[in-house]
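Report on the structure given below.
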Amino acid sequence: MVEIETVLFDFDGTLADTNSLIAQSYLHVLDKYFPGKFQTEESVLAFNGPSLEEVFSSLDKANAEQMIKEYREYNHARHDEFIEVFPDVPEVLASLKKAGVKLAVVSTKKKELLQHGLEFLNIHEYFDVILGSGDFTKVKPNPESLNIAMERLEANRESTMMIGDNPQDIEAANRAGVKGVFVEWSCKSLADVASYQPYKTVKTMRDLEQLIIAENNGGDK
């Protein structure tokens, strides 16, 4: 069994609980353009995962650019009010770092806000590479961002994991030839991701830590 030397993380919904922030940002914009159509966080749940460009272009191509602008303005203004780190994230990142595992964040979030979020949650220091919007041209599920991260980390595909909360993360992992791990604290269900065939699923960050320990001990915890 190949040891896990590199772990790539999505940010929103994986390391950081930004689900309400994302939902409220969508509701803020969509209430203006589609009054009364989207009224609950559940009504915009399907938009959590695809890029803003994909979502807004599919809803109203003519106004997509302006809608993205208004989404980002609201999202940035309310960011620190809503964002929280998921349980045990800092501790597990510190443990992996201490064990010599190379860590990266691969997100479609704007790079400036991504950097701010990592610093706000006090987890910035653990990452060797941080990729956000602007660092690549094709978003997940295209594997370009994962490939760039691995290139910068001089990582081997066989010893790399991608951790994410959306089908796009798992599909990108599969297309990049790395192990895709789905986090069950996602707002998406196991049923949502099942057809993408994740390598493993984990219920907690501690489960992820134990999975990597097991992989690096030949399958024995």
Side-chain angles (χ1 to χ4, degrees), residues 1-16 49-51 54 86 89 92-109 111 114-115 118 123-186 188 190 192-221:
M1 182 176 291
V2 178
E3 290 194 3
I4 301 303
E5 299 174 344
T6 306
V7 181
L8 315 178
F9 287 91
D10 180 48
F11 182 71
D12 291 307
T14 301
L15 298 172
S51 69
E54 290 176 283
F86 280 112
V89 164
V92 172
L93 292 176
S95 173
L96 295 176
K97 187 78 170 177
K98 185 177 180 180
V101 178
K102 294 179 284 189
L103 304 177
V105 175
V106 182
S107 172
T108 57
K109 200 180 193 78
K111 184 67 171 285
L114 175 61
Q115 295 270 18
L118 290 166
I123 56 175
H124 186 276
E125 65 185 287
Y126 300 117
F127 296 100
D128 305 291
V129 167
I130 297 167
L131 296 182
S133 175
D135 291 320
F136 45 85
T137 57
K138 298 174 183 176
V139 300
K140 294 175 286 187
N142 188 288
E144 181 190 16
S145 55
L146 281 67
N147 290 332
I148 291 172
M150 286 188 286
E151 182 179 347
R152 293 187 184 180
L153 291 168
E154 298 181 346
N156 296 315
R157 298 177 191 279
E158 298 78 11
S159 60
T160 298
M161 273 185 175
M162 172 70 206
I163 318 300
D165 68 306
N166 265 290
Q168 287 86 352
D169 299 311
I170 304 306
E171 183 179 349
N174 293 340
R175 291 172 66 180
V178 307
K179 297 177 173 70
V181 176
F182 176 73
V183 299
E184 294 185 37
W185 57 89
S186 168
K188 299 298 174 69
L190 287 172
D192 291 328
V193 78
S195 65
Y196 296 87
Q197 299 182 312
Y199 173 70
K200 298 284 185 181
T201 70
V202 292
K203 295 183 184 296
T204 68
M205 278 294 288
R206 290 297 183 185
D207 285 348
L208 174 64
E209 181 183 26
Q210 289 303 309
L211 171 63
I212 294 170
I213 289 171
E215 296 270 331
N216 291 353
N217 284 284
D220 299 319
K221 291 186 180 180

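Computed from a predicted structure; not experimentally measured.
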Quick one: closest heavy-atom pair of [X] and [Y], and the distance?
X: G180; Y: A173; result: CA-CB, 3.6 Å
X: S107; Y: K140; result: CA-NZ, 4.3 Å
X: V105; Y: F11; result: CG1-CB, 4.0 Å
X: P198; Y: I170; result: CA-CG2, 3.7 Å
X: R157; Y: N147; result: NH1-OD1, 2.8 Å
X: N156; Y: T160; result: O-OG1, 2.6 Å

task = Kindly indicate, with the supporting measurements, whether the criterion side chain to side chain donor-acceptor pair (under 3.5 Å) is fulfilled by E3 and S159.
result = CA-CA 6 Å; E3 290 194 3; S159 60; over 6 Å; no
inquiry  = Under a 4.0 Å threshold between the charged nitrogen and the carboxylate oxygen, would D128 count as salt-bridged to K97?
reply    = yes
Can a donor-acceptor pair be found, under 3.5 Å and without considering hydrogens, that links the side chain of [X] to the backbone of [Y]?
X: E171; Y: Q168; result: no
X: W185; Y: F86; result: no
X: N142; Y: V139; result: no
X: N216; Y: I4; result: yes
X: D192; Y: K188; result: no

Can you find a pair of side-chain heavy atoms, one from [X] and one from [Y], that are under 4.5 Å apart?
X: V202; Y: E184; result: no
X: E215; Y: K179; result: yes
X: V183; Y: L208; result: no

key: side-chain contact (heavy atoms from CB on, under 4.5 Å) between H124 and I130, intermediate numbers included   = CA-CA 9 Å; H124 186 276; I130 297 167; 3.5 Å; yes
Kindly compute the distance separating [atom1] ([X]) from [atom2] ([Y]), expressed to the nearest 0.5 Å.
X: D165; Y: D12; atom1: CG; atom2: CG; result: 8.0 Å
X: L131; Y: K109; atom1: CG; atom2: NZ; result: 15.0 Å
X: T201; Y: L190; atom1: OG1; atom2: CG; result: 5.5 Å
X: S133; Y: K111; atom1: OG; atom2: NZ; result: 10.0 Å

key: Chi angles and distances behind the side-chain contact (heavy atoms from CB on, under 4.5 Å) call for D10, M162   = CA-CA 8 Å; D10 180 48; M162 172 70 206; 4.0 Å; yes
query = Is the number of heavy atoms from other residues, nucleotides or ligands under 6.0 Å of K138 NZ greater than 12?
reply =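 No, NZ of K138 has 12 or fewer neighbouring heavy atoms, counting only those of other groups under 6.0 Å.
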key: Greater than 12 external heavy atoms within 6.0 Å of Q197's CD   =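 No.
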task = Using side chain to side chain contact (heavy atoms under 4.5 Å, CB included) as the criterion, point out the one residue from I212, L8, V101, T6 that pairs with M161.
result =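 So the option named by the test is I212.
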inquiry  = For a quick check under 3.5 Å, do E209 and S95 share a side-chain donor-acceptor pair by atom type?
reply    =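 Yes, because at least one side-chain N or O of E209 sits under 3.5 Å from a partner of the opposite role on S95.
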ask   = Is a side-chain donor-acceptor pair under 3.5 Å present for E144 with T137?
value = yes
Verdict with reasoning, K102 to V7, per side-chain contact (heavy atoms from CB on, under 4.5 Å) = CA-CA 6 Å; K102 294 179 284 189; V7 181; over 6 Å; no
ask   = With under 30° as parallel and over 60° as perpendicular, where do the rings of F9 and F127 fit, or are they tilted in between?
value =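 If you compare the ring of F9 with that of F127, the planes turn out perpendicular.
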